[in-house]
Asks: 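Please read through the structure below; I'll follow up with questions.
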Amino acid sequence: MSRSEKTEPNTVGLYWDRDGDIWQREDGGWRLILQSGIAVDPVSVWDWDGGCVRDYAPFTPMSSFAAG
């Protein structure tokens, strides 16, 4: 696994970032779902390539917490 894969997951799904915000990874990019407990624009997909999303790493898959 490369460094970029460790900080910016390629797998489609829901993730918490280091601040506790919730992101959704889709085939077309990232969608910020919840920030500081407040819902964010649910329509926009941010096609961030080149590291912008990595600024919010590390990402933890939400399924990791749901299984526990």
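Values in this document were obtained by computation on a predicted structure and should not be read as measured data. Nothing fancy with the numbering, it's 1 onward along the sequence.
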Asks: Would a distance-only check, ignoring hydrogens and angles, find a side-chain to backbone donor-acceptor pair under 3.5 Å from R31 to V40?
Replies: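 A pair under 3.5 Å: no.
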Asks: Measure the shortest side-chain to side-chain distance between N10 and R25 over non-hydrogen atoms and say whether it is less than 4.5 angstrom.
Replies: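 Yes, close enough: below the 4.5 Å cut-off.
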Asks: Ignoring hydrogens, what is the shortest heavy-atom contact between M62 and Y15? Give both atom names and the distance.
Replies: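 For M62 and Y15, the tightest heavy-atom pair comes out as CG-N, 3.9 Å.
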Asks: Can you see which heavy atom on Y56 is nearest to which on D17, and at what distance?
Replies: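 Looks like O-CB, 3.2 Å.
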Asks: If I take atom CD from residue Q35 and atom CH2 from residue W23, how far apart are they, to the nearest 0.5 angstrom?
Replies: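 Result: 7.5 Å between the selected atoms.
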Asks: Suppose we call two aromatic rings close when their centres sit under 6.0 Å apart. Are W30 and F59 close by that rule?
Replies: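 Between F59 and W30, which both carry aromatic rings, the centre distance is below 6.0 Å.
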Asks: List in chain and number order the residues that pass side-chain hydrogen bond (donor to acceptor under 3.5 Å, both in side chains) with D21, two or more places apart in sequence or in another chain; answer none if no residue qualifies.
Replies: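 By the side-chain hydrogen bond (donor to acceptor under 3.5 Å, both in side chains) rule, D21 matches no residue at all.
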Asks: In Å, rounded to the nearest 0.5 Å, how long is the span from CD1 of I22 to CD1 of I33?
Replies: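 Between I22 CD1 and I33 CD1, I get 8.0 Å after rounding to 0.5 Å.
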Asks: If you measure from CG on L32 to CD on Q24, what distance do you get to the nearest 0.5 Å?
Replies: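 Going from the CG atom of L32 to the CD atom of Q24 covers 11.0 Å.
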